Every structure is written in C-alpha cells, then in structure tokens.
A.B. asks: 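Just passing along the structure, written as structure tokens.
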Number of protein chains: 2
Amino acid sequence: MRISELVERTGVPLATLKFYLREGLLPAGEATSATRAEYGEAHVRRIAVIRALTETVGLSVQKAREVLALIDRPEDDLFATLGRAIAALPPDVTPKSTQDHPRARAVLEKLGQVYDPGFVAVAQLEQALAAAESAGIPLDDARLAVYGPHIRAIAEFDVDSIPREATAAVEYAVLGTAVHEPVLIALRRLAHQDVAARRLGKKGPDPRASKRPPARGASSGRSRPKES
Amino acid sequence: MRISELVERTGVPLATLKFYLREGLLPAGEATSATRAEYGEAHVRRIAVIRALTETVGLSVQKAREVLALIDRPEDDLFATLGRAIAALPPDVTPKSTQDHPRARAVLEKLGQVYDPGFVAVAQLEQALAAAESAGIPLDDARLAVYGPHIRAIAEFDVDSIPREATAAVEYAVLGTAVHEPVLIALRRLAHQDVAARRLGKKGPDPRASKRPPARGASSGRSRPKES
DNA sequence: GGGGTTGGATACTCATGGTATCCAATGGTA
DNA sequence: TACCATTGGATACCATGAGTATCCAACCCC
C-alpha cells in the first residue's frame, strides 16, 4: 500500500509518519521507484506499537527507537536484552551507576533477590525508594512484605508466559514488560477506588460493610461515586 | 532560613527555586522585609516532594501543581480527592470521557468491580489495554486472573494503611498512590530479571551463581501461553 | 502529457522546563 | 554610618523534544 493508505489505516498524520521515518522508528517502505514505496501490514502494526510506546508507556522518541531496535535485532541473550530494554524505560536514572544503592540493596536482601548494582532497575528502584522517602511515605517492612510476594507472583506469570522461540521471546518479553505496566498501574488505581469505596463507607447506594466481597465474578455493587 | 540556605539544603539551584515559586509549586516564604523572606523545614520537605513528583513520578510542572494543590487544600471528600489526583497522573488521557470503554468494562466485570465511565482511571485502563492489544500482547483472561487478585491485595493494604485523620489521610493517599507506583514497577522489573535468571539459566552482567532455591510459589518453567 | 501523489530535504512552530539578567531595596558588617 | 553582597520580583532568554509545514522534483496513472 502507499503511504496515504497508512495514514488512513492508522489515523496518524502524514507529516508524523514522515517524522517517524526520519527518526528511524518506522522502517522505510520498499521503494518501487524514486517517488513510490510500498508499505505492508507490518508497517501498520509497527505504527501501532510506536504509538503504544510513546503515548501510553510514555517513552520519548529516542527511547522508543532503542526499544524497537532491540526487537528488530535481538541480541542472542534474552536476559541481557531485557536488561537493555528496561534501561530505556522510565524513570530515567542518572548514570551514576557505579555508586551504591543502599535502599534498593536492603529491599532486595529482604526479598531474597540478588543485589547487582549493574542492573539499571536497581538504580530505578533506589530512586523510587528515595522519592517515596522524601515524600514522607517510605517503604516500610510491612508494606514490602505485601508488595514483594504479590509482585513476584505477577513476574513469575510474566516470565512463564514468554514464548520459547528466541525471536518471538525477545519481542514478547520486551513489549510485555513495557506495555503491561500501565495496565497494572491502572488496575491498582481502580482497585484503590473500589476498595476505598467499600471500606470507607461510601456514599451512594452501596452501604456495604468493610469486608471485601469475593474479588472475581461477584459483581453486585454498582453506582460508585465519580470524581469531579 | 534564607533562600540561599534552601539551595544548600536541597541542592536545587536558586534559579530553579525561583521558578518553582513563580509557578506556584513552592509557597513563598514569610516576608520579613521587601527583600527578605524566611523559609522553614516545610519548604525543604516541599521541595523534596516536588522533585519526587516531577523526576520520579514523571509529572509535568502543571500536573505537579494540581496534585500539590489537592494536598494543600484537601476537599472534604477523600474519595473525590483521590479521583482528582489520579486524573493528574500519567498517562494523560484524552478527555473523551463520555465515550464507552469496552475493554476496561470487560476487565472490571471479570474482577467484580463496578464499571463507572466517570472514573479517569477507567479511561487510563482502556488506553493501556488498547495499547497492549495493538502491541500484540492483549490482556487475556489467564493474565487478568493473575494480575487482578494480586493487585487487589496490594490495593487493600494501601487503603488499610491510610491514616484515619482527615487531612493526613488525603496527603497520604494522594502521595502514596503516586509515589509507590515507581516502586512497584521497579520491583516487577527486578523480579522479572530474578525469575528469568533462575528459570532460564542466568548469564547477566554478573556471573554469580543463583544458589537460592526456586522462589515462592514457583512452578517450574514451562512456557508458551501466548495467545495474542 | 498533465495533474495529483510521492519521497526527501529543510525550515518552522509550540510547549516545557528551566537559566540568566536586571533592578532596586535591604541589612549585616565594618 | 557606609557599603556591598544578598534578596525578591520581573522579564528575557535558551535548549530540547515532538511534531508541522513547505518545497521541490520525480513519478504514476488516467
């Protein structure tokens, strides 16, 4: 298909597609002449991934390019590739990687995970812990004892669901890590609202008591208050 | 203390503090004369929160101001305030709020939570689900069955740990929601790496052996769920 | 064979998030 | 009391990022 059809199919403006082409996010179509190139379904999909990465995951064009490059030319080592992908994900961490990450180390030790300062995610965790601390809400042991196992269970499912085949595995792992984060965050926010509504005696026709009803399939509440 | 001391204490440049003052993120000090104002510990803390919100949580100055305003002048309704805070958190969602959110609705129904299109977080979830889908990794039932309960358990702990006292509750809830998100994300990334190392035979930047037994609740690695 | 796409290059715009200058009033110190 | 560095406040400036818009010349298809 021609580029104008890509515009129609994806809803992305022509100028923006040209920008993605320029920036190397979107591979060029197959040139059929000096002024014509042929694009395929792969381009449509790629554009959707670009938008997902930039708009929803919140990556800069630069970071999105790095992630896409990992998918396009996966290193043989899934583990290292995953590490590189994580380095491209927010929050950006200042490359003082040589330094010690005391909070992260303490947390990882409590979780029984290896502390390796070479992991970018360790620096990200350190930064997040420091931020929580300076906001006056440090991650105490009780909270960690809750967060740790639940997050680990999620991560185990994630890793188990990675396909075996090497190329697919990289793409699945990299995109899955990035793209499910906003889902988890949104689920937590909604759960907060749902739990808060039930616990804190919500106004409205839901005078349910403080005990949590079965989480799955147990609908029956309705009409939760809306914010603004 | 004078502003120069704030600079020392926080490490934030004077020009930047003036910028925060201008933008209304940081309240003015108590003026003692036309060219002198007194700042206190509260200002030091506020600056730390501003940095946490902008650098780690990734809020724009505009959004950070909204969140801080909620903390400074909490509405009487914790629930509504929390909703407003969530609306300031990324990802930014296009305000087509009237519209239907089919994916989010389906997910919430499966979780037994109420679907209320008025929640900003519902639109955020819809966007995240759509992004996952277009990246080729939709949230299938099996994954939801894992994510849902674990996230809910986390959310229940979060809500239970909100202090009773009204003013403190708002600050705690708002900052806690925002500031623990990067922690959870970092924990998941590290858990991915840890689980992957154990499952797939580790070869990271650190050749240290993985001597720990298969961690909690682990089923050994099969793979292949992928149903995209 | 001519008008409407293209590809490719270049230039421009807009919003953010700071920085830097300038100024005039201080006010602590000598 | 003189004086100069420090403030607050206002305004101007700058760098980056993410597109947008324009041009142009080569095409293609009708």
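In this text, all values refer to a predicted model and were calculated from it rather than measured experimentally. In what follows, every chain begins at residue 1, and chains take the letters A, B, ... in the order their sequences are listed.
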A.B. asks: Between atom CZ in A:Arg2 and atom P in C:dG4, what is the gap in whole Å?
C.D. replies: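 In whole Å, C:dG4 P lies 15 Å from A:Arg2 CZ.
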A.B. asks: When you check the gap from the basic side-chain N to the acidic O, do A:Arg152 and A:Glu156 get nearer than 4.0 Å?
C.D. replies: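 Between A:Glu156 and A:Arg152 there is a salt bridge, with a charged N closer than 4.0 Å to a carboxylate O.
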A.B. asks: For the CZ atom on B:Arg2, are there more than 12 heavy atoms of other groups (residues, nucleotides or ligands in this structure) within a distance under 6.0 Å?
C.D. replies: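 No, not enclosed.
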A.B. asks: Report yes or no: do B:Asp158 and A:His192 form a side-chain donor-acceptor pair below 3.5 Å?
C.D. replies: yes
A.B. asks: If you compare every side-chain N and O of B:Thr16 against the phosphate oxygens of C:dT19 (OP1, OP2), does one of them come in below 4.0 Å?
C.D. replies: yes
A.B. asks: Indicate yes or no for a side-chain donor-acceptor contact from A:Gln124 to the backbone of A:Leu89 under 3.5 Å, with no hydrogens or angles considered.
C.D. replies: yes
A.B. asks: Rounded to the nearest Å, what distance is computed from the CZ atom of residue A:Arg22 to the C1' atom of nucleotide C:dA11?
C.D. replies: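 Computing the A:Arg22:CZ to C:dA11:C1' distance gives 10 Å.
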A.B. asks: Taking 4.0 Å as the cut-off, does a side-chain nitrogen or oxygen of A:Tyr39 come that near to OP1 or OP2 on C:dG7?
C.D. replies: yes
A.B. asks: Would you confirm whether A:Arg188, through its side chain, and B:Thr177, through its main-chain N or O, come within 3.5 Å as a donor-acceptor pair?
C.D. replies: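 Yes: the side chain of A:Arg188 pairs with the backbone of B:Thr177.
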A.B. asks: Quick one: B:Glu23 CD to C:dT16 C1', roughly how many Å, whole number?
C.D. replies: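 Checked: the CD to C1' distance equals 10 Å.
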A.B. asks: Indicate, with a heavy-atom threshold strictly under 4.0 Å, whether A:Ala34 touches base, sugar-phosphate, or nothing.
C.D. replies: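 Sugar-phosphate contact only - A:Ala34 comes under 4.0 Å of backbone atoms but never of a base.
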A.B. asks: If you compare every side-chain N and O of B:Ser33 against the phosphate oxygens of C:dA25 (OP1, OP2), does one of them come in below 4.0 Å?
C.D. replies: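 False: B:Ser33 side-chain N/O out of range (4.0 Å or more) of C:dA25 OP1/OP2.
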A.B. asks: Not counting sequence neighbours, which residues clear side-chain contact (heavy atoms from CB on, under 4.5 Å) with A:Phe19? List them please.
C.D. replies: A:Arg22, A:Glu23, A:Val61
A.B. asks: List, one per line, each side-chain donor-acceptor pair under 3.5 Å for residues 66-74 of chain B, sequence neighbours excluded.
C.D. replies:
from, atom 1, to, atom 2, distance (Å)
B:Glu66, OE2, B:Gln62, NE2, 2.7
B:Asp72, OD1, B:Arg46, NH2, 2.5
B:Asp72, OD2, B:Arg46, NH2, 2.6

A.B. asks: To the nearest angstrom, how far is B:Leu59 atom CG from C:dG18 atom C1'?
C.D. replies: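 About 17 Å, once rounded to whole Å.
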A.B. asks: Taking the side chain of A:Arg36 as its heavy atoms from C-beta onward, which of C:dT6, C:dA25, C:dG18 lies nearest to it?
C.D. replies: C:dT6
A.B. asks: Contact boundaries of DNA chain D with chain A (under 4.0 Å, heavy atoms), 5' to 3'?
C.D. replies: D:dA18 to D:dC28
A.B. asks: Quick one: on DNA chain C, does B:Lys18 or B:Thr54 contact a more 5' nucleotide (nearest heavy atom)?
C.D. replies: B:Thr54
A.B. asks: Report the distance from atom CD1 of B:Ile3 to atom P of C:dT26, rounded to the nearest whole Å.
C.D. replies: 18 Å
